[in-house]
Chemist: 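Below is a structure I'd like to ask you about.
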Amino acid sequence: MGDRLIRRHGGRAGNARRDSPRTIAQMPWAPPINIDRPTEPLDEGGVAAIHDCAMRILEELGIEFLNDTAREILRKAGCTVNGDNVRMGRDFVMAHLAHAPAEFTITPRNPDHAITLGGKNMVFVNVSSPPNAMDLDRGRRVGDFETFRDFMKLTQYFNCIHVAGGYPVEPVDIHASVRHLHCLYEKLTLTDKVVHAYSLGTERVEDVLEMARIASGLPAEDFFAKPRLYTNINSSSPLKHDWPMLDGAMRFARRGQPVIVTPFTLAGAMAPVTMAGAVAQSVAEGLAAIVLLQIINPGTPVVLGTFTSNVDMRTGAPAFGTPEYMRATQMTGQMARFYGIPLRASNACASNAPDAQAMWESMNSLWSAVQSGVNIVYHAAGWLEGGLIASYEKFVMDCEVLQQIQRYMQPIITDTSASGLAFDAMTEVGSNGHFFGAAHTQERYESAFYAPFLSDWRNFEAWEADGSKDAAQRANGIWKKILAEFQPPPMDEAVREELAAFVARRVAEGGAPTDF
């Protein structure tokens with residue numbers, strides 16, 4: 001998998017295609033501001049109870065830190081260390097959490113695609129990490145490099161996707177030792193949005209940090225002067241953080257780069273069967289790592305992640321988009337606000353196909369994120385089969401929903417000015433006319449309502465005459481047209497060549513060590 005994987009894009013043919021009509025008329029880049037008050041199922045006593053339980057976990061049970069460096073840092077800071085187990089007092093925890101910023105901005109190589117996390121800000125991330133891909137033509141299959149590139153193009157194309165997160169599908173046709181090099185080259189050249197680095201070993205993290213710096217065209221002192229990219233780590237529930245995740249998170253913290261800490265707590269399996277217990281455990285696991293990062297570099301931007309759902313107690317299979325998942329997200333939202341830390345959640349579903357089940361579970365997941373004041377929504381487009389499939393059609397279907405959420409948040413819908421109240425229009429029309437021809441309507445009709453690119457609002461006869469296509473079939477046609485017209489964002493040729501040279505050198509050196 002050598003240099004042949006590094007591709008150039010564009011040229012005269014590409015420039016000609018840039019002027020061709022776009023496949024869809026999508027909404028502009030505009031990360032939504034959540035204007036709604038959050039849903040809060042817990043009263044003050046409930047928040048206090050979960051906080052107390054999380055603190056008792058940290059004080060009495062402790063968290064396993066499977067990383068010598070992390071344990072030594074925590075020991076010197078005053079924690080009680082016994083083997084791998086680390087216990088910390090609640091006053092100690094709260095003192096260090098006070099250093100974490102409530103809001104911060106990440107600026108990628110294209111500053112127009114900077115994102116702000118915290119407060120009422122909300123951004124959406126592509127599906128990340130499935131080993132398999134699916135589309136209606138080829139069915140379910142193991143992920144490969146070309147499919148990875150397809151999903152990166154969809155990630156860049158859709159304005160409602162604000163972050164190029166983890167690998168949208170794992171390209172298993174590239175050896176793991178050099179996979180990160182080829183994937184990040186494609187990610188940094190096919191997109192100009194905020195990117196993510198997996199914390200899966202020292203070499204991978206260092207390589208990605210340097211590649212992102214090269215792509216920015218900035219010297220290291222300028223690049224690391226503010227947040228530019230991020231990593232996401234998961235605890236190994238119950239009550240454990242493993243070596244590579246901690247190593248990567250600490251490397252990011254030392255450079256002032258953001259870290260999302262996301263425990264994966266499935267109630268009934270890796271966490272108590274009760275949702276309050278599962279949330280308390282999740283909070284404790286997340287805060288333990290956040291405290292470590294604040295000790296290393298006070299003020300390190302961090303996000304508390306929630307991935308608390310339940311299992312099917314008949315089969316043990318994970319379930320997502322359930323009532324329990326929704327409530328757990330809302331409860332964790334209350335806890336994140338209590339600690340003053342931004343929040344991450346996910347658009348998760350358990351369905352095996354881009355069908356009705358997939359969409360109702362995803363709608364539950366997405367709207368619980370809205371209700372919970374979530375700042376960054378992972379897997380926002382394309383997730384199927386509990387995260388084992390990246391679906392082309394589901395990606396397009398989810399983006400329709402994301403655009404609707406974006407529109408739902410626009411203040412124009414709730415405008416109560418004289419223009420919004422339209423009393424003059426009612427006076428003009430009276431009781432015997434209609435509003436289609438009113439001046440008020442004529443001035444606004446083109447932008448008055450959300451205009452879908454996937455939903456079909458025609459009557460039955462028109463829909464039937466056009467082939468009776470359902471939503472997944474229509475999405476199938478859309479993603480094909482998008483890929484056919486896609487053009488990568490501009491990049492200085494000298495920067496591209498430096499990035500390619502770095503990849504070629506690291507590939508020649510063997511990349512990251514593996515045991516196979």
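Because only heavy atoms are used, hydrogens play no part in the values below, and waters and symmetry mates are left out as well, while side chains stay in.
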Chemist: Quick check, are the ring centers of Tyr167 and His180 under 6.0 angstrom apart?
Modeler: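 Not close enough - the centres of the two rings lie 6.0 Å or further apart.
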Chemist: Before accepting this row, confirm whether a basic side-chain N of the pair Glu324/Arg327 lies closer than 4.0 Å to the acidic partner's carboxylate O.
Modeler: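 Looking at Glu324 and Arg327, the cut-off is not met.
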Chemist: Taking all non-hydrogen atoms of both residues into account, name the closest pair between Met335 and Val47 and its distance.
Modeler: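 Result for this residue pair: CE-O, 3.6 Å.
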Chemist: For Thr69 and Asn67, work out which heavy atoms get closest and say how close.
Modeler: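 Looks like N-OD1, 3.0 Å.
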Chemist: Heavy atoms, side chains only, cut-off 4.5 Å: are Ile290 and Tyr339 in contact?
Modeler: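 In short, these two side chains do not touch, never coming nearer than 4.5 Å.
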Chemist: Tell me the closest heavy-atom pair linking Ser216 and Phe223, and the distance in Å.
Modeler: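 It is OG-CD1, 3.3 Å.
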Chemist: With a 4.0 Å cut-off on N to O distance, would you call Arg179 and Glu170 a salt bridge?
Modeler: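 Counted as a salt bridge, because a side-chain N and a carboxylate O are separated by less than 4.0 Å.
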Chemist: Under 3.5 Å, is there a donor-acceptor pair between the side chain of Asn126 and the main chain of Ala381?
Modeler: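 Checked: no pair found.
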Chemist: Side chains of Asn347 and Phe124, heavy atoms from C-beta outward: is any pair under 4.5 Å?
Modeler: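 Side chain of Asn347 against side chain of Phe124, heavy atoms only: no contact under 4.5 Å found.
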Chemist: For the side chain of Arg109 and the backbone of Leu188, is there at least one donor-acceptor N/O pair under 3.5 Å apart?
Modeler: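 Indeed, once roles are kept as given, a pair shorter than 3.5 Å links the two residues.
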Chemist: Do Arg251 and Asp247 meet the salt-bridge criterion of a basic N to acidic O distance under 4.0 Å?
Modeler: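 Yes.
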Chemist: Can you tell me if CZ on Arg56 sees more than 12 non-hydrogen neighbours from other groups inside 6.0 Å?
Modeler: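 12 or below, so no.
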Chemist: What's the verdict on ring pair (Phe, Tyr, Trp, His ring centres under 6.0 Å) for Phe307 and Phe320, showing C-alpha distance, side-chain angles and the deciding distance?
Modeler: CA-CA 10 Å; Phe307 217 125; Phe320 299 104; 5.7 Å; yes
Chemist: Answer whether the closest heavy-atom distance between the side chains of Leu287 and Val261 falls below 4.5 Å.
Modeler: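 Contact flag for Leu287/Val261 side chains = no.
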Chemist: Between Thr265 and Met270, is a side-chain contact (heavy atoms from CB on, under 4.5 Å) present by the stated rule, with each step listed?
Modeler: CA-CA 6 Å; Thr265 46; Met270 299 102 77; 5.6 Å; no
Chemist: Is there a donor-acceptor contact under 3.5 Å from the side chain of Asn364 to the main chain of Pro323?
Modeler: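 The answer is no, because no donor-acceptor pair under 3.5 Å joins these two groups.
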Chemist: Is there a donor in the side chain of Thr329 and an acceptor in the side chain of Thr306, or the other way round, less than 3.5 Å apart?
Modeler: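 The answer is no; no qualifying pair exists.
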Chemist: Do Arg337 and Gln334 get their side chains close enough for a donor-acceptor pair, meaning under 3.5 Å?
Modeler: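 Judged by distance alone, the side chains do not pair up.
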Chemist: What heavy-atom pair brings Pro301 and Pro101 nearest, and what distance separates the two atoms?
Modeler: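 Closest approach of Pro301 to Pro101: CA-CG, 3.8 Å.
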Chemist: Using modelled atom types only, decide if a donor and an acceptor are shared between the side chain of Thr274 and the backbone of Ala276 within a distance under 3.5 Å.
Modeler: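 It does not hold such a pair.
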Chemist: Is Asp398 reaching over with its side chain to a backbone N or O of Gly382, donor-acceptor style, under 3.5 angstrom?
Modeler: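 Yes.
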Chemist: Using every non-hydrogen atom in the two residues, find where Gly333 and Leu343 come nearest and quote the distance to one decimal.
Modeler: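 Closest pair (atom of Gly333, atom of Leu343, distance): CA-CD2, 3.4 Å.
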Chemist: With under 30° as parallel and over 60° as perpendicular, where do the rings of Phe151 and Tyr392 fit, or are they tilted in between?
Modeler: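 Rings of Phe151 and Tyr392: tilted, 30 to 60°.
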Chemist: Is there a side-chain contact between Pro354 and Met134 in this structure, where contact means two heavy atoms from C-beta onward sitting under 4.5 Å apart?
Modeler: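 Yes; the side chains approach each other to less than 4.5 Å.
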Chemist: How long is the straight-line distance from CZ of Arg71 back to SG of Cys79, given to the nearest 0.5 Å?
Modeler: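 Answer for the SG-CZ pair, Cys79 versus Arg71, is 12.5 Å.
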Chemist: With a 3.5 Å distance limit and no angle check, can you tell me whether Gln257 reaches the backbone of Lys226 through a side-chain donor-acceptor pair?
Modeler: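 Yes, Gln257 side chain to Lys226 backbone: donor-acceptor pair under 3.5 Å.
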Chemist: So, taking the atom named CD1 in Ile295 and the one named CG in Leu74, what distance separates them when rounded to the nearest 0.5 Å?
Modeler: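 If we round to the nearest 0.5 Å, Ile295:CD1 and Leu74:CG are 5.0 Å apart.
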Chemist: Step by step, would you call Asn352 with Leu384 a side-chain contact (heavy atoms from CB on, under 4.5 Å)?
Modeler: CA-CA 6 Å; Asn352 298 310; Leu384 280 181; over 6 Å; no
Chemist: Answer whether the closest heavy-atom distance between the side chains of Ser237 and Glu285 falls below 4.5 Å.
Modeler: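 They are in contact (side-chain heavy atoms under 4.5 Å apart), so the answer is yes.
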Chemist: Evaluate side-chain contact (heavy atoms from CB on, under 4.5 Å) for Val86 paired with Ile63, printing each intermediate quantity in order.
Modeler: CA-CA 5 Å; Val86 178; Ile63 303 293; 5.6 Å; no
Chemist: Spell out, as yes or no, whether a donor-acceptor pair under 3.5 Å connects the side chain of Asp242 to the backbone of Met245.
Modeler: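 Yes, Asp242 side chain to Met245 backbone: donor-acceptor pair under 3.5 Å.
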Chemist: Between the main-chain N or O of Phe264 and the side-chain N or O of Asn234, is there a donor-acceptor pair closer than 3.5 Å?
Modeler: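 Flag not set: sc Asn234 to bb Phe264 has no pair under 3.5 Å.
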Chemist: Taking the side chain as every heavy atom from C-beta outward, state whether Cys183 and Pro171 have any atom pair closer than 4.5 Å.
Modeler: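 Yes, side chains in contact.
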Chemist: Should the ring pair His162 and Trp29 be called parallel, tilted or perpendicular, given that the plane angle runs from 0 to 90° and is split at 30 and 60?
Modeler: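 Plane angle over 60°, so perpendicular.
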Chemist: Taking atom types as modelled, find out whether Thr231 and Ser199 have a side-chain donor-acceptor pair closer than 3.5 angstrom.
Modeler: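 Their side chains do contain a donor-acceptor pair, which is all the 3.5 Å distance test asks for.
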Chemist: Any luck finding a side-chain donor-acceptor pair between Thr262 and Arg344 under 3.5 Å?
Modeler: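 Yes, Arg344 and Thr262 have a side-chain donor paired with an acceptor closer than 3.5 Å.
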Chemist: Distance from Leu184 atom CG to Lys187 atom NZ, nearest 0.5 Å?
Modeler: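 Output value for this atom pair is 6.0 Å.
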Chemist: So how far is it from Asp192 CG to Gln156 CD, rounded to the nearest 0.5 Å?
Modeler: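 Taking CG in Asp192 and CD in Gln156, the distance rounds to 4.5 Å.
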Chemist: Should the ring pair His96 and His99 be called parallel, tilted or perpendicular, given that the plane angle runs from 0 to 90° and is split at 30 and 60?
Modeler: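 Tilted: the ring planes of His96 and His99 meet at 30° to 60°.
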Chemist: Establish, from distance only, whether the side-chain atoms of Gln371 and Asp36 form a donor-acceptor pair under 3.5 Å.
Modeler: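 Judged by distance alone, the side chains do not pair up.
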Chemist: Just by distance, with hydrogens left out, do Asn121 and Thr116 show a side-chain donor and acceptor under 3.5 Å apart?
Modeler: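 Per modelled atom types, Asn121 and Thr116 side chains form no pair under 3.5 Å.
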Chemist: What's the spacing between Lys120 NZ and Asn375 CG if we round to 0.5 Å?
Modeler: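 Nearest 0.5 Å value for the NZ-CG distance: 10.5 Å.
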Chemist: Using only atom types and a distance under 3.5 Å, with no angle test, would you say the side chain of Asn297 pairs donor to acceptor with the backbone of Ala253?
Modeler: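 It does hold such a pair.
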Chemist: Above 12 or not: heavy atoms from other molecules or residues under 6.0 Å from CD of Glu44?
Modeler: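 Check fails, neighbour count at 12 or below.
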Chemist: On the ring face of Phe224, is Arg255 found with NZ or CZ under 6.0 Å from the centre and within 45° of the axis?
Modeler: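 Geometry flag: set, cation within 6.0 Å and 45°.
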Chemist: A side-chain contact here means heavy atoms from C-beta on lying under 4.5 Å apart; do Thr322 and Ser309 qualify?
Modeler: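 Side-chain contact under 4.5 Å: yes.
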Chemist: Would you say the side-chain atoms of Asp312 pair up with the backbone N or O of Ala317, donor to acceptor, closer than 3.5 Å?
Modeler: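 Not a single qualifying donor-acceptor pair exists.
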Chemist: Test side-chain contact (heavy atoms from CB on, under 4.5 Å) on Val291 and Phe92 and set out the steps.
Modeler: CA-CA 9 Å; Val291 166; Phe92 175 89; 3.7 Å; yes
Chemist: How close do Ala289 and Ile233 get, heavy atom to heavy atom, and via which atoms?
Modeler: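 So the minimum-distance heavy-atom pair works out to CB-CD1, 4.3 Å.
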Chemist: Indicate whether the side chain of Lys394 and that of Ser351 have a donor and an acceptor atom separated by less than 3.5 Å.
Modeler: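 There is no such pair between these side chains.
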Chemist: Rounded to the nearest 0.5 Å, how far does CG of Asp207 lie from CZ of Arg204?
Modeler: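 Going from CZ on Arg204 over to CG on Asp207, the span is 9.5 Å.
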Chemist: What I want to check is whether the side chains of Asp144 and Thr147 have a donor and an acceptor closer together than 3.5 Å.
Modeler: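 The answer is yes; a qualifying pair exists.
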Chemist: Less than 4.5 Å apart, any side-chain heavy atom of Cys349 and any of Gln357?
Modeler: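 No, side chains not in contact.
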